[in-house]
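Heads up, the thing below is written out as structure tokens.
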Amino acid sequence: MPTNAAIDTPICVVLTTAPSESVADELAAAIIHRALGACVQIDAVRSHYRWQGAACAESEWRLTIKTRVDRYPALEEWLREAHPYDTPQIVMLPIADGLAAYCEWVRQGSAG
């Protein structure tokens with residue numbers, strides 16, 4: 001039975017990518033330092049996309065950021081300024097439910 005642990009103070013996952021592992025590490029450390037997220041996971045990915053009319057394929061590093069929904073605007077603003085891409089992927093995915101203790105940990109870690 002779902003507990004709806006994410007309802008009281010909603011939490012979310014925010015996704016972005018970086019051009020290198022070192023840039024991803026720098027972004028992740030700054031996000032944690034600024035309490036814009038409670039946790040950032042970094043994964044190597046291969047992205048295929050169209051940019052300025054050309055088909056591209058590049059190695060990138062995906063950042064999965066766990067945070068509060070009410071912290072998303074500040075996180076998005078900071079990422080837009082700090083990110084090296086002209087048009088970075090910054091998307092927010094709401095979390096409908098989750099382990100209550102984990103959801104509370106995310107809330108506390110990204111309280112700002």
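Atom-to-atom distance recorded for C56:SG and W51:CH2 is 9.5 Å, nearest 0.5 angstrom. Separation of atoms SG (C103) and CD (Q108) is listed at 12.0 Å; rounding is to 0.5 Å. Note that CD1 of I42 and CG of L27 are 8.0 Å apart. Values are rounded to the nearest 0.5 Å. The CG atom of L79 lies 8.0 Å from the CG atom of L63; values are rounded to the nearest 0.5 Å. The CZ atom of R34 sits 11.0 Å away from atom CZ of R71, with the distance rounded to the nearest 0.5 Å. Atom CG of D43 and atom CD of E21 lie 10.5 Å apart (nearest 0.5 Å).
Linking Ile, Leu, Val, Met, Phe, Trp and Tyr whenever their side-chain heavy atoms come within less than 4.5 Å puts I95 and V91 in one cluster. Under the 4.5 Å side-chain contact rule for hydrophobic residues, Y72 and V13 do not share a cluster. Under the 4.5 Å side-chain heavy-atom criterion for ILVMFWY residues, a single connected hydrophobic cluster contains both L93 and Y102. Residue I11 is not grouped with residue I32 when hydrophobic side chains (ILVMFWY) are merged at heavy-atom distances under 4.5 angstrom, including chains of intermediate members.
Using modelled atom types, no side-chain atom of T16 and backbone atom of I90 make a donor-acceptor pair closer than 3.5 Å. Formation of a donor-acceptor pair under 3.5 Å by the R107 side chain with backbone atoms of T9 is found in this model. Judged purely by atom type and a 3.5 angstrom limit, S110 uses its side chain to pair as donor or acceptor with the backbone of R68. A distance-only check finds a donor-acceptor pair linking the side chain of R50 to the backbone of G53 [under 3.5 Å].
Between A28 and V40, the shortest heavy-atom distance links the atoms CB-CG1, 3.6 Å. The shortest non-hydrogen separation linking P19 to P84 is CD-CG, 3.8 Å. The nearest pair of heavy atoms linking W61 to V45 is N-CG2, 4.4 Å. Of all heavy-atom pairs spanning C39 and W105, the tightest one is CB-CH2, 3.6 Å. When all heavy atoms of Y85 and A18 are compared, the pair lying nearest together is OH-C, 3.4 Å.
Taking a cutoff of 4.0 Å between a charged side-chain nitrogen and a carboxylate oxygen, E77 and R80 do not qualify as a salt bridge.
Atom NE2 of H33 has 12 or fewer neighbouring heavy atoms from other residues, nucleotides or ligands inside a 6.0 Å radius.
At a cut-off of 3.5 Å, with distance as the only test, no side-chain donor of S47 or E58 sits close to an acceptor on the other residue. Using a 3.5 Å distance cut-off with no hydrogens or angles, the side chains of T17 and E60 do pair a donor with an acceptor.
Residues D25 and S22 form no side-chain contact, since every pair of their non-hydrogen atoms from C-beta on lies 4.5 Å or further apart. Residues K66 and Q41 meet the side-chain proximity criterion, which asks for heavy atoms closer than 4.5 Å. Counting only heavy atoms from C-beta outward, the side chains of L15 and T64 approach each other to under 4.5 Å. Within the 4.5 Å cutoff, the side chain of L75 has heavy atoms near those of the V14 side chain.
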